[in-house]
Each structure stands twice: as C-alpha cells, then as structure tokens.
Participant: 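Got a structure for you, questions after.
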There are 2 protein chains.
Amino acid sequence: MSTAHGARARARTEITAAIKDEARRQLVADGAAKLSLRAVARELGMVSSALYRYFPSRDDLLTALIIDAYDSLGERAEAAHGKAADASPVARWTTVCEAVRAWALGHPHEYALIYGSPVPGYTAPDTTVPAASRVGLVLIGIVRAAHRGPGLTEPPLPAELRPEAGRMTADLAPDLPPETVTALVASWAQLYGLVGFELFGQFNRVVEDRETFFRHAVERLAHGVGLRAA
Amino acid sequence: MSTAHGARARARTEITAAIKDEARRQLVADGAAKLSLRAVARELGMVSSALYRYFPSRDDLLTALIIDAYDSLGERAEAAHGKAADASPVARWTTVCEAVRAWALGHPHEYALIYGSPVPGYTAPDTTVPAASRVGLVLIGIVRAAHRGPGLTEPPLPAELRPEAGRMTADLAPDLPPETVTALVASWAQLYGLVGFELFGQFNRVVEDRETFFRHAVERLAHGVGLRAA
DNA sequence: GGATGCGGGAGAGCGCTGCTCTCTTCTGTG
DNA sequence: CACAGAAGAGAGCAGCGCTCTCCCGCATCC
C-alpha cells in the first residue's frame, strides 16, 4: 500500500508528515483557530496551493491533528495504566484520570480541539472513533478487572433507565453489569467536566489546589462506579 | 448616565442593541467562529467601519454576547428553580440541572461560546464573572436550604484536601460544611461534563435515551453532594 | 442665532485568510 | 524511451478584522 511504488510514495508520506508536524507546532503555539494553511506552507518553503495536494482542505488537516491528539492522549492513558498495573482498582482509576488531566494541562490547545466546542460546522468523521475510544477502553478495562477480581459493588439503577443501560452494556461491555456500565459512562463524561473546567478557566478564583481537588474528585468517581475503596 | 443627554444617547444604546441582536442571530445560526463584523454591519445597512464606534473589536462584541448568554442560562436556571420551590432538595437540584441541559440543547452555539474551548488568545474579562456565577449560586442555594432544613449528609473529605476545602468554603458559602462545598464544586463541574459530552457529540453511538440518562446521572450527583434521596 | 466641536457614518485600503485554476516541470513506470 | 500523472508555482477571487481619513450634521455654548 504505502510502500507500494517506492520513492514517489515515500516522498509523499514524508511531506505529509512534515505538514502535520508544522501544523501541530502552530496548533500548540496558537490554537486551532489560528492554524493557517498559508503559514504552514510558508514555513515549509512551499506555496500554499501546493499544500492542497496533501490535504484537500483546512478541515482535513485539522481532522488529522484531531486523530493524532486522541492517540497521544490514549497512549498517555494506556502508559499510565500499564505502570500502575499492580495497584488497586481505585488507584489505577485515579492514576489514569490524573494522566488524562496531565495530558490536558500539557496540551491545552490539543485538548480544546478534541473536547472543546467542535469547530463550527465541522463534524468529526468516523475515522476519529477508534482513536477517541482509547481512554474509555482503559477505564472499562480497569472496571472489568475489578469485576473479575475481588468484586465490584453495583451502583443503583432505576427501572426507567434499564432499557438504555442494557443497550449501552451490549455495545460497550456485555460482560459487565448494566449498573456498572451506566455509572461508568456517566463518570467518563464527568471526568472531562472536571478537566475542562480547570483547563478553560472556570476554576479561576474558585479552586486553587487543583491537583488535590482533582484526585479526590476522581476517587469519588471511582467509588461511584463501584470500585472498592483503596 | 444613559439618559443624560437624551436623544443622542438613546440612539446610541438602540444601535448598540441592534448590533448585539444581529450578532446573536449570526451566532445562533453559524457559531462564534463565523460571526463576522462585516456581515453584521451589512445586515444593519451600515458600513463595517461604523460598527467600530460601538464595539472596539470583534472580541468586545463576543464578550457582550458571552455575558448575555450567561445571563440567559442563569435566568433559565433561576426560573426553573423558582417553579420547583416546593419540591424536595433532590428534585429541585435535578430540575435545575435539567434546565441547564435544556438551555444548552436549545442554544448550542451560545453554550459552546461560554463553556466550550475559549476563543484562542482570548481570556474572559472580569465583567463576565457575575453573570457566570448565577447557575452556581442557584445550586448553592438548594444545598443551603437543605442544610437549614431537614439536613444534609456530609460527604467524606480526606485530610489533605481540608485546607483547600476551607478556602473554597470561605469564598463560596461560609455557612456550609466544607465537605459539602467541596462536593458541590466537583458536581458543578461534572454537570457540565455531562452536558458537554451530549452536546458536542461524544455520546453519539453511546447513549441514546439521553434525557433519562441525564436525569439519573444528576440525581446521583445530588446524592453525592449529600442531598437526601427524594 | 450663529459659530464650533464632536459623535458617528462612509469609503478606501492594508494584510491576512481559505481555496481554485491554470501552467509548467519533473519523474517513475509501462 | 516516451509519456501520463504527480506535484509545485503563481495569479487571482472573495472574504475577513481593523485603521485612517474625510465629511456631514446635530447639540452645545457664547
């Protein structure tokens, strides 16, 4: 595929990568809205129209960066989980959440790109789904291990939510109780509420010791999913 | 002040309002990024440079819209709370959260403007703080009433978070226990995680019956703050 | 009541953007 | 080796935020 016809294709993938790298540099520096195709081209010593041979539009370039960002965050979460493999479920959960927060604080513009308001008029293509799922899969993995292991308490689940819970469970983790899956999905969203509020300044003049606050909040999230207290 | 010199000043406030109205129309239609000073001016039958007599920059216009959006959301939350004044604390909490969600779903671009990624390079001026606080104040009010009334269970609070909890409590609600205030701040952020994930498409292919899911999630949030089960 | 100062609208223009189209060069392949 | 197709260059279009200069007319003050 990519190495099929040799030199030509290799040059293409190299230049594509160079464009993405320079684009990422600008994204990191100034945010997505200021990412300019012309500036990227200029920096690479090419003319702007040439860049369209590689990315048909600015949005396509952004999509590539979105996927990379999801992957970067996912890797970070997976790595954090790997290192904490022997810890208690709650400790592993907390570690992964803290990795997400650390990544977000270290990559604010990339975080904003993937979890902030979507670029207007832009809807993420399905291409992004696998990369976007990685953090969620890590969290599911932690809960699954706890479920197989010493156990997991099941959160309450009202009757009217049972159909939806069943649907989600079938899609996400058929081996887990629907009570758990439902709580997990909610906690997953809530985690990003905590991160987003810190990152986007909503905690200014409200929370100061954000690290401690965050750790405690995600520990309570873990308990809410039914993970045993450490 | 505003009515000081009569006609002149009145014309000015009228035109300022007209500009904001047209700008909001464009914001609602296409989102903040596509809001164009020139288009607003065009629609109002004036030339773009004239608009700068009223708003010194696009960011200033956006700031005005941000404040309006916070106020609109705050009003909605306050109104919802008012109508549910006689209900149980948990029911009032849930009602207010649902009002926030409903407002967000009805005003996606305005929600994105205030709770999505901040416009790059843009930091909200302090002018926005009072308007931005309104929803939080409603939530605090519900908890405060429960605290004065039949009671409130206090969530756990680890020792290392006690200093920060004390700080937050002094700033936000000195009459409430720090355990409660800490949980409240976390729940406040988590609420916006739930809303944001639904609004920005993260729940696509994951949660279908979002209304039921949301209600259950915020009920659990209420319990997490220590409000009595309804 | 007439001179005056200033608020506010008009217009041109600068430098930037995304994107398109055409022309040309170069290169890997049949 | 010839040639198709890939890829870069350049000009150009329409839009943007913002500035500056000009000018009109209304409200004020003597």
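Predicted model only: the values in this text are computed from it and were never measured. A note on names: the letters A, B, ... follow the listed sequences, proteins ahead of strands, and every chain is numbered from 1.
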Participant: When you measure from the side chain of A/Arg58, which nucleotide among D/dT19, C/dG9, C/dC19 comes out closest?
Facilitator: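 The closest nucleotide is C/dC19.
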Participant: Is there a side-chain contact between B/Tyr54 and the phosphate of C/dG9, meaning an N or O under 4.0 Å from OP1 or OP2?
Facilitator: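 For B/Tyr54, the contact criterion (side-chain N or O under 4.0 Å from OP1 or OP2 of C/dG9) is met.
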Participant: Decide, yes or no, whether a salt bridge links B/Asp71 with B/Arg76 under the criterion of side-chain N to carboxylate O below 4.0 Å.
Facilitator: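 Salt bridge absent between B/Asp71 and B/Arg76.
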Participant: How long is the line joining CG of A/Leu35 and C1' of C/dT17, in whole Å?
Facilitator: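 My rounded result for the distance is 12 Å.
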Participant: When you look at CZ of A/Arg215, are more than 12 heavy atoms from neighbouring residues, nucleotides or ligands closer to it than 6.0 Å?
Facilitator: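 At most 12 heavy atoms, drawn from other residues, nucleotides or ligands, come within 6.0 Å of this atom.
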Participant: Given atom CD1 of A/Ile19 and atom P of C/dG18, what is their separation to the nearest angstrom?
Facilitator: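 That distance rounds to 13 Å.
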Participant: B/Tyr115 and ring-ring contact (aromatic ring centres under 6.0 Å, His included): which partner among B/Phe197, B/Trp103, B/Tyr70?
Facilitator: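 By the ring-ring contact (aromatic ring centres under 6.0 Å, His included) criterion, B/Tyr115 pairs with just one of B/Phe197, B/Trp103, B/Tyr70: B/Tyr70.
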Participant: Round to the nearest Å and state the distance from B/Arg12 atom CZ to C/dG7 atom P.
Facilitator: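 From B/Arg12 CZ to C/dG7 P: 9 Å.
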Participant: At less than 4.0 Å, is any side-chain N or O atom of B/Arg38 found next to OP1 or OP2 of D/dG17? Yes or no.
Facilitator: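 No.
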Participant: OP1 or OP2 of C/dA10 less than 4.0 angstrom from a side-chain nitrogen or oxygen of B/Ser49, does that happen here?
Facilitator: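 It does not, given that no N or O in the side chain of B/Ser49 lies less than 4.0 Å from OP1 or OP2 of C/dA10.
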Participant: Without decimals, in angstroms, what is the distance between A/Leu51 CG and C/dG18 P?
Facilitator: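 So the two atoms are 10 Å apart, to the nearest Å.
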Participant: Do we see a donor-acceptor contact under 3.5 Å between the side chains of B/Asp60 and B/Ser57?
Facilitator: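 Per modelled atom types, B/Asp60 and B/Ser57 side chains form a pair under 3.5 Å.
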Participant: Using OP1 and OP2 only, check whether a side-chain N or O of B/Arg42 sits under 4.0 Å from D/dC16.
Facilitator: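 Looking at the OP1 and OP2 atoms of D/dC16, one of them is under 4.0 Å from a side-chain N or O of B/Arg42.
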Participant: Base, sugar-phosphate, or nothing for A/Leu61, non-hydrogen atoms under 4.0 angstrom?
Facilitator: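 The answer is nothing, as A/Leu61 stays clear of every strand by at least 4.0 Å.
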Participant: Could you state the CG-C1' distance from A/Leu44 to D/dA9, rounded to the nearest angstrom?
Facilitator: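 Taking CG of A/Leu44 and C1' of D/dA9, I get 16 Å after rounding.
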Participant: Nearest whole angstrom, please: distance from the P of D/dC16 to the CD of B/Gln26.
Facilitator: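 After rounding, the gap between these two atoms is 9 Å.
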Participant: Quick one: is A/Ser48 getting a side-chain N or O under 4.0 Å of the C/dC19 phosphate, OP1 or OP2?
Facilitator: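 Checking C/dC19 against A/Ser48, no side-chain N or O comes under 4.0 Å of OP1 or OP2.
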Participant: Are OP1 or OP2 of C/dG7 and a side-chain N or O of B/Arg53 less than 4.0 angstrom apart?
Facilitator: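 False: B/Arg53 side-chain N/O out of range (4.0 Å or more) of C/dG7 OP1/OP2.
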Participant: Taking atom C1' of D/dG15 as reference, at what distance in whole Å does atom CG of B/Asp30 sit?
Facilitator: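 Answer to the nearest Å: 14 Å.
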Participant: Measure from CG on B/Leu37 to P on C/dT17 and round the result to the nearest Å.
Facilitator: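 The answer, rounded to whole Å, is 18 Å.
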Participant: In terms of side-chain geometry, is the basic nitrogen of B/Glu22 or B/Arg25 positioned less than 4.0 Å from the acidic oxygen of its partner?
Facilitator: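 Salt bridge between B/Glu22 and B/Arg25, a charged N being under 4.0 Å from a carboxylate O: yes.
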Participant: Given D/dT19, C/dA10, C/dG18, identify the nucleotide with an atom nearest to the side chain of B/Val47.
Facilitator: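 Nucleotide nearest to B/Val47's side chain: C/dA10.
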